[in-house]
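Numbering of ligands and ligand atoms starts at 1, following listing order.
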Amino acid sequence: MLYFDNNATTQIDERALSVLCEISKESYGNASSIYPYGMKSKKIILEARKQIATLFNAPSENIIFTSSATESNNAVINASVVACLEKKHIITTSVEHPSVLRPLDELKRHGYEIDLLSVDSVGRIDLVELQGKLRKDTLLVSIMLVNNEIGNIYPVKKAVEVVKKINSEILFHTDAVQAIGKIKVDVKELGVDFLSFSGHKFHAPKGVGGIYIKNPGRFTPHIFGGDQEFGLRSGTENVPSIAAIGRAAELVDLQEEPERLSNMRDKIERAVLTKFAGTKVIGDIDDRACNTTNLLIPNVNGVTLVASLGELGVCVSSGSACSSNDKNRSHVLIAMGIDGKSIRISLSRLNSHEDTKRFIFILLQTIEKIQRRK
Ligand code: PLP
């Protein structure tokens with residue numbers, strides 16, 4: 001198999017997997033139990049919290065673990081609304097993940113006003129538009145750090161400055177799920193109030209994620225119960241997965257990997273662009289994550305290409321969901337004013353140059369076959 005769909009999910013790293021297996025077997029004590037075997041689990045969580053905190057340059061006590069970034073994003077939106085009940089306005093972008101857009105849709109049904117920042121034809125947002133949309137009753141601005149479909153890196157630090165200069169009380173959240181392992185993620189530099197992350201996008205197991213919370217004292221929980229995670233997210237901790245996400249955080253390599261990934265990504269792009277005239281790279285080629293390319297190839301339906309590659313054991317995804325009707329087209333491409341069905345290729349540190357060569361060979365052949373059928 002050739003796996004080039006790492007923005008969908010990544011393979012768990014062997015070293016994180018051994019932690020997961022070992023802790024599952026050896027340390028199944030409940031972290032809330034007061035005998036030493038329970039305390040051992042508590043210590044494991046403490047260590048993982050430190051490892052995640054180090055990755056984000058945050059204090060440990062400002063990190064909580066959740067089940068996913070979907071939960072984290074929902075939790076942040078909920079906590080922000082509860083913290084500012086008198087305010088009714090939220091700003092986000094039109095290209096966020098559904099785990100931000102959908103809860104905001106729900107809030108709309110309850111009388112909240114949601115403003116979506118537009119993007120240009122390469123998916124960039126405009127900070128002047130952001131400034132213009134800020135209101136007295138704006139309670140939250142949520143802008144992702146890296147887009148999952150096109151890889152664009154958004155100017156979160158500058159956006160925070162724009163927002164806080166006008167009103168430092170407005171909360172700022174970033175969904176950093178796709179940034180980890182690709183760019184530096186430093187919460188102090190970014191200046192955000194909340195940041196969401198998810199393990200399975202950086203070689204940790206699925207079902208574990210978390211939130212950086214700048215001001216935990218003002219965070220209203222979305223799940224109540226046994227007061228785990230400083231009382232901010234109840235539920236018996238998933239100790240093996242938490243330990244594994246901590247280990248995965250330690251394994252993030254920003255020294256060599258970004259360049260290696262962008263070299264491989266650029267090779268793929270060049271091969272397609274050279275062979276198939278008229279191919280369009282979708283996104284901001286001057287400011288995007290090192291591992292992602294999104295390609296619109298003439299006379300090739302991205303969904304057909306994804307399916308054909310899948311039959312050959314090659315995994316990529318379509319820039320637009322698997323349907324020909326408008327309802328299921330990618331909301332990101334629609335926001336960019338792009339019509340068509342692209343493919344998204346996303347790499348990770350578990351892809352080798354050898355893989356990439358084989359991938360390019362099969363990709364070019366498959367595109368040719370599809371074009372010939374037309
Ligand atoms: N945010 C972004 C940008 C994503 O790409 C994803 C997953 O694809 C999520 C949030 C949701 O993450 P999880 O799968 O952990 O719920």
Side-chain angles (χ1 to χ4, degrees), residues 3-12 16 52 55-56 63-78 92-105 116-117 119 123 125 140-154 156 159 172-183 185 190 192 194-212 222-223 233 235 238 241-242 244-245 248-249 283-284 288-294 306 315-322 330-333 335-336 344-348:
Y3 189 79
F4 282 75
D5 195 17
N6 289 280
N7 286 7
T9 195
T10 59
Q11 185 185 358
I12 184 167
I52 290 285
L55 179 68
F56 298 139
I63 303 291
I64 66 164
F65 291 109
T66 64
S67 67
S68 62
T70 297
E71 182 189 331
S72 302
N73 288 341
N74 276 266
V76 165
I77 291 167
N78 177 70
T92 188
T93 77
S94 47
V95 295
E96 295 298 311
H97 189 266
S99 54
V100 168
L101 293 174
R102 284 286 297 112
L104 294 181
D105 272 349
L116 299 183
L117 298 178
V119 292
I125 58 165
L140 174 71
V141 175
S142 180
I143 298 179
M144 68 199 326
L145 199 45
V146 170
N147 183 273
N148 47 306
E149 290 195 29
I150 54 176
N152 279 19
I153 300 170
Y154 287 104
V156 167
F172 200 111
H173 165 245
T174 190
D175 172 346
V177 166
Q178 297 288 349
I180 298 159
K182 297 153 200 170
I183 58 171
V185 182
L190 291 170
V192 292
F194 310 109
L195 176 146
S196 307
F197 59 95
S198 175
H200 72 103
K201 309 289 181 171
F202 64 103
H203 306 288
K206 291 166 184 58
V208 63
I211 319 173
Y212 156 79
H222 59 299
I223 299 177
R233 196 277 185 182
N238 179 355
S241 293
I242 289 174
I245 198 176
D284 183 2
R288 63 182 167 151
C290 51
N291 77 318
T292 306
T293 181
N294 191 312
V306 170
C315 306
V316 297
S317 72
S318 172
S320 58
C322 48
S330 152
H331 70 286
V332 176
L333 267 61
M336 293 166 73
R344 176 188 71 186
I345 299 161
S346 50
L347 297 93
S348 81

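A donor-acceptor contact shorter than 3.5 Å links the side chain of Q178 to the backbone of N7.
Ligand-side atoms of ligand 1 in range of M144: 3 (C), range being under 4.0 angstrom from any heavy atom. Using a 4.0 Å cut-off to heavy atoms of S198, the atoms of ligand 1 that qualify are 13 (P), 15 (O). Distances below 4.0 Å separate heavy atoms of K201 from the following atoms of ligand 1: 5 (O), 6 (C), 7 (C), 8 (O).
In terms of protein heavy-atom proximity, atom 16 (O) of ligand 1 is closest to T70 OG1, 2.5 Å. With respect to atom 12 (O) of ligand 1, the closest heavy atom belonging to the protein is A69 CB, 3.4 Å. Protein heavy atom in closest approach to atom 4 (C) of ligand 1: H97 CD2, 3.3 Å. Nearest non-hydrogen protein atom to atom 1 (N) of ligand 1 is D175 OD2, 2.6 Å.
Residue N148 touches ligand 1 through its side chain alone, judged by heavy-atom distances below 4.0 Å. Under 4.0 Å from ligand 1, not a single heavy atom of K206 appears. With a 4.0 Å cut-off on non-hydrogen atoms, S99 touches ligand 1 through its side chain and not its backbone.
In this structure the side chain of T66 reaches within 4.5 angstrom of the side chain of I211, judged on heavy atoms.
Between H173 and F194, the two ring planes are tilted [angle within 30° to 60°].
With T9 as reference, K206 is the one residue of K206, H203, K201 to meet the side chain to side chain donor-acceptor pair (under 3.5 Å) rule. Remark: of the listed residues V208, I63, L55, I63 is the sole one forming a side-chain contact (heavy atoms from CB on, under 4.5 Å) with F197. Looking at I180, V177, N6, T10 one by one, the single match for side-chain contact (heavy atoms from CB on, under 4.5 Å) with F202 turns out to be I180.
Across all non-hydrogen atoms, the minimal contact from E96 to L101 is O-CD1, 3.3 Å. Closest heavy-atom contact between I245 and P205: N-CD, 4.4 Å.
For atom 5 (O) of ligand 1, the nearest non-hydrogen atom from the set E71, E96, H200, Q178 belongs to Q178.
Distances between N or O atoms of A8 and those of ligand 1 include no value under 3.5 Å.
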